[in-house]
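Quick caveat: nothing in here was measured; it's all calculated off a predicted structure.
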2 protein chains.
Amino acid sequence: MRDRADYMLKGLSEEELLELADLFKMFSDSTRIKILYDLFDGEKNVTEICEDIDMNQSAVSHQLKVLKTAKLVRSRREGKSIVYALDDDHVKTIIAMGKEHIEE
Amino acid sequence: MRDRADYMLKGLSEEELLELADLFKMFSDSTRIKILYDLFDGEKNVTEICEDIDMNQSAVSHQLKVLKTAKLVRSRREGKSIVYALDDDHVKTIIAMGKEHIEE
DNA sequence: TTTTCATATGAATATATTATCATATGTTCA
DNA sequence: TGAACATATGATAATATATTCATATGAAAA
């Protein structure tokens, strides 16, 4: 076994690689990626998201919480509903990268 | 529920989103991302990879198979050993995107 | 202030994923 | 040919993850 320094040589520590894996995990579930992609249009409330991606409210709420914990979306109350939006400029870039990949 | 066309409006079909999720899944596991990152250096055989990332041979072989099925790595025999290499130009780009993200 | 609407949450279940162990396969070299 | 080496693979067990169901919470409107 080599040590931690090996990772550093190329610029990423082991810890950072784990962080990266966690980031990509956010995009690796079909419900979550649909939610993120749905929010490309701009802010939407939970009901709208559910309709757009055809998933039930509870499942969507659970995943929104996961995405929020990962700081990829933010939310605010607006009257009776809660509106969500992308909270990270990289989301679109990362999905775009993946898009380029699968389109070849 | 809306239909498939909604996804198309923004350029990705539901099917493509599922493909994307599968792609990101490859980067979402710590063992796999370590393997991919290890291969940034160039070709390596299985034993070297195991040493570099400190995982046992069987686990590494299993994940190499997953990565190969996803066409992210390729392999060839070289004497007694099998050498693996990145098989996709996008791997580095995608990881680089993620890197930018976590570095902020 | 009670009812209704919108969302969140906990628990349970179902499913997927990963690592490990034992062993098989295939190659080289004595 | 057989021993040693390198890798792959199948089965199992451990763990993680997602969905569903029931219900709680909180805001608005009657």
Side-chain angles (χ1 to χ4, degrees), chain A residues 1 14 17-39 43-87, chain B residues 1 14 17-39 43-87:
Chain A
M1 174 204 178
E14 174 161 18
L17 282 176
L18 300 183
E19 244 187 278
L20 266 185
D22 283 341
L23 172 66
F24 288 122
K25 195 169 292 173
M26 294 301 112
F27 298 87
S28 74
D29 172 75
S30 60
T31 299
R32 282 194 297 269
I33 202 167
K34 284 178 187 177
I35 291 173
L36 292 171
Y37 196 56
D38 194 40
L39 293 176
E43 292 191 328
K44 302 205 181 183
N45 66 37
V46 178
T47 301
E48 286 174 317
I49 297 172
C50 292
E51 289 168 352
D52 288 348
I53 74 171
D54 191 33
M55 294 280 296
N56 81 59
Q57 182 268 316
S58 182
V60 169
S61 270
H62 279 295
Q63 295 306 333
L64 281 169
K65 186 175 191 178
V66 172
L67 291 170
K68 195 175 175 182
T69 301
K71 295 194 200 300
L72 297 186
V73 303
R74 60 182 146 74
S75 67
R76 65 182 173 77
R77 180 171 284 278
E78 191 177 79
K80 269 187 285 193
S81 46
I82 310 259
V83 289
Y84 280 83
L86 297 181
D87 191 30
Chain B
M1 177 208 176
E14 174 163 16
L17 282 176
L18 300 183
E19 243 188 281
L20 267 184
D22 282 341
L23 172 65
F24 287 123
K25 194 169 292 172
M26 292 303 110
F27 299 87
S28 74
D29 172 77
S30 61
T31 300
R32 281 194 298 267
I33 202 167
K34 284 179 187 175
I35 290 173
L36 291 171
Y37 196 57
D38 193 40
L39 293 176
E43 292 191 327
K44 301 205 180 183
N45 65 37
V46 178
T47 301
E48 286 174 317
I49 296 171
C50 292
E51 288 167 353
D52 287 348
I53 74 171
D54 192 33
M55 295 282 295
N56 81 60
Q57 181 267 317
S58 182
V60 169
S61 270
H62 279 296
Q63 295 305 335
L64 281 170
K65 186 176 190 177
V66 172
L67 291 170
K68 196 176 174 183
T69 300
K71 298 194 198 297
L72 298 185
V73 303
R74 61 182 145 74
S75 66
R76 64 181 173 77
R77 182 171 282 277
E78 192 178 81
K80 267 187 285 192
S81 45
I82 310 259
V83 288
Y84 280 83
L86 297 181
D87 191 30

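Taking the six-membered ring where tryptophan is involved, the planes of Phe27(B) and Phe24(A) are tilted, since the angle between them lies from 30° to 60°.
One finds no side-chain N or O of Lys65(A) lying less than 4.0 angstrom from the OP1 or OP2 phosphate oxygen of dA8(C). For dA8(C), the OP1/OP2 oxygens have a side-chain nitrogen or oxygen of Tyr84(A) closer than 4.0 Å. Residue Thr31(B) places at least one side-chain N or O closer than 4.0 Å to OP1 or OP2 of dA19(C).
A donor-acceptor contact under 3.5 angstrom links the side-chain atoms of His62(B) to the base of dT20(C). Gln57(A) contributes a side-chain N or O that forms a donor-acceptor pair with the base of dA8(C) under 3.5 Å. Side-chain N/O atoms of Ser58(B) and base N/O atoms of dT9(D) include a donor-acceptor pair closer than 3.5 Å.
Side-chain atoms of Ser81(B) lie closest to dT7(D) of the nucleotides dA11(D), dA18(D), dT7(D). Each of dT27(C), dT19(D), dA8(D) was ranked by its minimum atom distance to the side chain of Arg77(B); first place goes to dT27(C).
Counting non-hydrogen atoms under 4.0 angstrom, Thr47(A) reaches the backbone sugars and phosphates but no base. At a threshold of 4.0 angstrom between heavy atoms, the contacts of Lys25(B) are confined to the sugar-phosphate backbone, with no base atom among them.
Both Arg32(A) and Ile82(B) sit near DNA chain D, but only Ile82(B) has its closest nucleotide nearer the 5' end.
Closest approach of Met55(A) to Thr31(A), counting heavy atoms only: CE-OG1, 3.3 Å.
Contact check for Leu23(B) versus Leu72(B): side-chain heavy atoms found under the 4.5 Å cut-off.
With hydrogens and angles ignored, the 3.5 Å screen pairs no side-chain donor or acceptor of Ser61(A) with any backbone N or O of Ser58(A).
For the pair Asn45(B) CG and dT27(C) P, the interatomic distance rounds to 16 Å; values are reported in whole Å.
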